[in-house]
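Both backbone and side-chain heavy atoms feed into the values below; hydrogens, waters and symmetry mates do not. Quantities reported herein were computed from a predicted structural model and do not represent experimental measurements.
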Amino acid sequence: MVRCQSSSVDSSNQEYMNPHDHSSVTKIHPDPNREFPPLIDSFGRVHESLRVSVTDACNIRCRYCMPAVVNGFLPQHRLMSFDAIHRVVSVLAASGIRKVRLTGGEPLMRPNLDQLVQQLSSIDGLQHIALTTNGMMLADQLPALEQAGLTHVNISLDTLREDAFQQISRRQGLESVLQGIDAAIKSRLQVRLNALMLRDINLQDCVPLVQFARDRKLIIRFIEFMPLDADRNWNQDQVVSGSELRSILQSHFGSLDSVGRADPSQPSSDYMFADGNGGVGFIDPVSQPFCSSCNRLRLTADGKLRNCLFGREEWDVKSLCESNASNQEIYALVAQCVANKYAAHGISELNFKQPDRAMYQIGG
Ligand code: SAM
Ligand code: SF4
């Protein structure tokens, strides 16, 4: 069994009223006839969701994720091939995984991503094939991705000011993100926005961002800053909690009514504006950890399985695939990864240590 030391909390998915949601399936009904047993950890959490990072490369350098200067990205031969990803996802789908989200790095930097989406869409039992992107290359690639079977897209948008965009991402490019959002709205995909607030940089943008989302009938979710930045500058003072944001938004837009979690395994606490105009979600892994309902696994771009964003252990499924292992052996490795999942990430514990790898290397 291949296993290695190294170094989930989440940034996506909730299911509630969304005018851009054209997908019909939101509830998961495990198939009793599936080939492998369900992936249940020692705390009874049934795993149904997988994040697949397809690259660690990115076209921007968000300060909460990447360093300003990167010392090289993974070379091609160290990336999991599309065929290997397809094989591992097939085994996982045969053991109850229903949702796959492609991420990175910036997933649209991986050439021919639509071919991977096409391969994944042939897998029985998968209900969602989703993408999280910074949106800069989305307008060009969306038609092919949609045609290939992509069902959901989350676009990260932290500000509507170009100067703040550059301060956060150390690159230009807000206009291309906005073009990506426009293209996504016109598509058949379910579209959501993700925003991360840093107290000293873009907290002032939360109201304009919500207004932007309301004007377009999009759901926007605010994700708390987690200690996963490559620069290791994470500091509790920079974290803007969901409850603080709710107060700001309510004083501007009026009251927010909780709609809870449509699916208990979803990390987002969702609210609708009492005026009926749109909704907002809060993903609060720092102030309100949701580990007890975490049902996610992760596959890094270099083919390591992880059971938590903050885990310090990884399971090398790429090497296993390359050694002509059977599907049963791949399943056994995944099951081992699940069995070793801790109860919680422990960010608030005194002995908490930031993982060796940063967000862009794990896959957010
Ligand atoms: N490049 C794509 C993007 O930015 O959407 C996909 C990968 S990115 C790592 C996925 C999500 O992780 C983004 O929404 C980003 O805001 C979030 N993220 C990155 N670093 C984070 C951190 N330290 N804490 C919380 N969320 C983070
Ligand atoms: Fe790139 Fe996404 Fe990380 Fe920003 S958050 S640096 S867009 S991978």
Can you list every ring pair (Phe, Tyr, Trp, His ring centres under 6.0 Å) pair that touches residues 183-208, not counting sequence neighbours?
-> none
So, Glu146 side chain and Pro143 main chain: donor-acceptor pair closer than 3.5 Å or not?
-> no
Side-chain heavy atoms of Met197 within contact of Phe225, under 4.5 Å | no
Might you confirm whether atom CD of Gln172 has over 12 heavy atoms from other residues, nucleotides or ligands at distances under 6.0 Å?
-> no
Answer with yes or no whether the side chains of Tyr64 and Asp158 bring together a donor and an acceptor at under 3.5 Å.
-> yes
For Asp140, what residues pass the side chain to side chain donor-acceptor pair (under 3.5 Å) criterion, not counting sequence neighbours?
-> none
Members besides Val69 in its Ile/Leu/Val/Met/Phe/Trp/Tyr cluster (side-chain heavy atoms under 4.5 Å) | none
Do the side chains of Arg61 and Val70 get nearer than 4.5 Å, heavy atoms only?
-> yes
Leu39 and its side chain to side chain contact (heavy atoms under 4.5 Å, CB included) partner, picked from Asn295, Leu297, Asn307 = Leu297
Heavy-atom closest pair, residues Ile362 and Leu309 | CD1-O, 3.5 Å
Phe352 and Phe310 aromatic centres sub-6.0 Å = yes
Between Gln266 (side chain) and Ser268 (backbone), is there a donor-acceptor pair under 3.5 Å?
-> no
State which residues pass side chain to side chain contact (heavy atoms under 4.5 Å, CB included) with Ala139; sequence neighbours excluded, sorted by chain then number.
-> Ala183
Would you mind reporting whether Phe290 and Ile283 have side-chain heavy atoms less than 4.5 Å apart?
-> yes
Are Asn202 and Arg161 close enough that a side-chain donor and a side-chain acceptor fall under 3.5 Å?
-> no
Tightest non-hydrogen contact, residues Pro67 and Asp231, listed as CA-OD1, 3.4 Å
Begin with the C-alpha distance, continue with both residues' side-chain angles, and end with the deciding distance and a verdict on side-chain hydrogen bond (donor to acceptor under 3.5 Å, both in side chains) for Gln238 and Asp200.
-> CA-CA 7 Å; Gln238 283 305 309; Asp200 289 347; 2.7 Å; yes
Asn59 versus Asn134, side-chain donor and acceptor atoms under 3.5 Å = yes
For the pair Arg45 (side chain) and Ala343 (backbone), establish whether a donor and an acceptor sit closer than 3.5 Å, ignoring hydrogens and angles.
-> yes
Can you list the residues that meet the side chain to side chain contact (heavy atoms under 4.5 Å, CB included) rule with Ser323, with sequence neighbours excluded?
-> Leu320, Ala325
Mark yes or no for whether Thr132, through its side chain, and Thr103, through its backbone, hold a donor-acceptor pair below 3.5 Å.
-> no
For Gln119 and Gln115, test the side chains for any donor-to-acceptor distance below 3.5 angstrom and give the result as yes or no.
-> no
Any sub-3.5 Å donor-acceptor pair from Arg63's side-chain atoms to Gln167's backbone N or O?
-> yes
Pair Glu314 + Arg306, salt bridge at N-O below 4.0 Å | yes
CZ (Phe73) with more than 12 external heavy atoms under 6.0 Å | yes
Side-chain donor/acceptor of Trp315 to backbone N/O of Val334, under 3.5 Å = no
Asn340 versus Gln336, side-chain donor and acceptor atoms under 3.5 Å | no
Does Asp302 pair with Lys304 as a salt bridge, N-O distance under 4.0 Å?
-> yes
Could you tell me whether the side chain of Ser49 reaches within less than 4.5 Å of the side chain of Ile97, counting heavy atoms only?
-> no
Taking all heavy atoms of Gly135 and all of Ile155, pick out the closest pair and write down the distance.
-> CA-CG2, 4.0 Å
When you look at CG of Asp163, are more than 12 heavy atoms from neighbouring residues, nucleotides or ligands closer to it than 6.0 Å?
-> yes
Of all residues at least two apart in sequence or in a different chain, which pass the side chain to side chain donor-acceptor pair (under 3.5 Å) check with Thr159?
-> Asp205
Begin with the C-alpha distance, continue with both residues' side-chain angles, and end with the deciding distance and a verdict on side-chain hydrogen bond (donor to acceptor under 3.5 Å, both in side chains) for Ser269 and Gln288.
-> CA-CA 10 Å; Ser269 301; Gln288 301 283 325; over 6 Å; no
Which heavy-atom pair separates Ala93 from Arg98 by the least distance, and what is that distance?
-> O-NH1, 3.2 Å
Roughly how far, to the nearest 0.5 Å, is the CD atom of Glu313 from the NZ atom of Lys341?
-> 13.5 Å
Residue pairs involving residues 235-259 (criterion ring pair (Phe, Tyr, Trp, His ring centres under 6.0 Å); sequence neighbours excluded) | Phe253-Phe273
Is the closest side-chain donor-acceptor distance between Glu35 and Ser95 under 3.5 Å?
-> no
For Val117 and Gly149 the tightest heavy-atom approach is CG1-C, 3.8 Å
Go through the structure and list residues passing side chain to side chain contact (heavy atoms under 4.5 Å, CB included) with Gln147, not counting sequence neighbours.
-> none
Got a second to check how far Met136's CE is from Ser176's OG, nearest 0.5 Å?
-> 4.0 Å
Do His47 and Asp41 have side chains that get closer than 4.5 Å, going by heavy atoms?
-> yes
Test: Asp284 and Arg221 ion pair at under 4.0 Å | no
Is it true that atom CG of Asp215 has more than 12 heavy atoms of other residues, nucleotides or ligands lying nearer than 6.0 Å?
-> yes
Between His152 and Lys99, does any side-chain donor sit less than 3.5 Å from a side-chain acceptor?
-> no
Leu218 side chain near Ile181 side chain, heavy-atom distance below 4.5 Å | yes
The side chain to side chain donor-acceptor pair (under 3.5 Å) partners of Asn277 (sequence neighbours excluded) come to none
Sequence neighbours left out, what passes salt bridge (Lys or Arg N to Asp or Glu O under 4.0 Å) with Asp83? Give chain and number order.
-> none
Within 45 degrees of the axis of the six-membered ring of Phe212 and under 6.0 Å from its centre: does Arg216 put its NZ or CZ there?
-> yes
Set of side chain to side chain contact (heavy atoms under 4.5 Å, CB included) partners for Ser241, sequence neighbours left out | Glu224, Ser243, Glu244, Ser287
Student check: side-chain heavy atoms of Cys58 and Tyr360 closer than 4.5 Å | no
Non-hydrogen atoms of Pro355 and Arg312 that approach each other most closely = CA-NH1, 3.5 Å
With the side chain counted from C-beta on, respond yes when Glu106 and Thr55 share a heavy-atom pair under 4.5 Å apart, and no when they do not.
-> no
Residue pair Leu131, Leu108: steps toward the side chain to side chain contact (heavy atoms under 4.5 Å, CB included) verdict | CA-CA 9 Å; Leu131 173 75; Leu108 300 183; 3.9 Å; yes
Residues forming a side chain to side chain donor-acceptor pair (under 3.5 Å) with Asp237, sequence neighbours excluded | none
Report the distance from atom CG of Leu74 to atom CD of Gln361, rounding to the nearest 0.5 Å.
-> 8.0 Å
